[in-house]
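Here is the structure we will look at.
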Amino acid sequence: MIRDLVELSLNMVKAEEQEHVRTKAAEIAEEKLLDLLLPPRPKEKMVSDMLTNSNETDEKDQPAEDQGQKPDAHAGKIKTLA
């Protein structure tokens, strides 16, 4: 009689664990299917990424004199020889 009760209790615990594993496996399978079928989400920009990108564009937009090149002071004047 005790052997039968132990066997029944083991079967009940196994059934509970199998149901738990089955629901978890179904969730994982659904996520994998969605990952395959749907396009990936666009990467969200972090504040640090935006700051880094804005610094790079600021350097490109600076005039020539800020980048180490000195403009010729007489470039706009026309010299005439008499």
Side-chain angles (χ1 to χ4, degrees):
M1 171 133 176
I2 295 176
R3 190 179 309 169
D4 293 335
L5 291 174
V6 171
E7 185 179 344
L8 286 173
S9 64
L10 282 175
N11 290 338
M12 288 174 52
V13 171
K14 284 182 182 180
E16 289 174 6
E17 289 298 317
Q18 286 177 346
E19 183 61 32
H20 176 71
V21 169
R22 185 175 289 127
T23 55
K24 190 172 182 179
E27 290 173 2
I28 292 171
E30 182 180 358
E31 284 296 320
K32 286 185 177 184
L33 284 173
L34 290 174
D35 288 343
L36 291 172
L37 295 174
L38 297 176
R41 291 182 181 172
K43 182 180 176 184
E44 293 181 13
K45 291 188 176 183
M46 304 287 283
V47 173
S48 59
D49 293 339
M50 289 190 291
L51 290 175
T52 303
N53 290 341
S54 71
N55 288 341
E56 290 173 1
T57 56
D58 289 346
E59 291 172 1
K60 293 177 185 174
D61 294 338
Q62 290 179 351
E65 60 256 8
D66 288 346
Q67 294 179 354
Q69 299 174 355
K70 294 183 181 178
D72 187 10
H74 302 288
K77 297 180 182 176
I78 298 176
K79 293 183 180 180
T80 56
L81 297 172

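Side chains included, hydrogens not; waters and symmetry mates left out as well; all remaining heavy atoms used. Residue numbers count from 1 along this sequence.
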Worksheet, complete the sentence: The salt bridge (Lys or Arg N to Asp or Glu O under 4.0 Å) partners of Glu27 (sequence neighbours excluded) come to none

Discussion item. Could you work out, with salt bridge (Lys or Arg N to Asp or Glu O under 4.0 Å) as the rule, every residue matching Arg3, not counting sequence neighbours?
Written reply: none

Response to the item:
So salt bridge (Lys or Arg N to Asp or Glu O under 4.0 Å) across residues 12-24, not counting sequence neighbours, yields Glu19-Arg22

Each residue besides [X] in its hydrophobic cluster should be listed here, by chain and number; the cluster joins Ile, Leu, Val, Met, Phe, Trp and Tyr at side-chain heavy-atom distances under 4.5 Å.
X     : value
Leu34 : Leu38
Ile2  : Val6, Leu10
Val21 : none

Practice prompt. Starting at OG1 of Thr23, measure out to CD of Gln18 and round the result to the nearest 0.5 Å.
Written response: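 CD of Gln18 is found 12.0 Å from OG1 of Thr23.
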
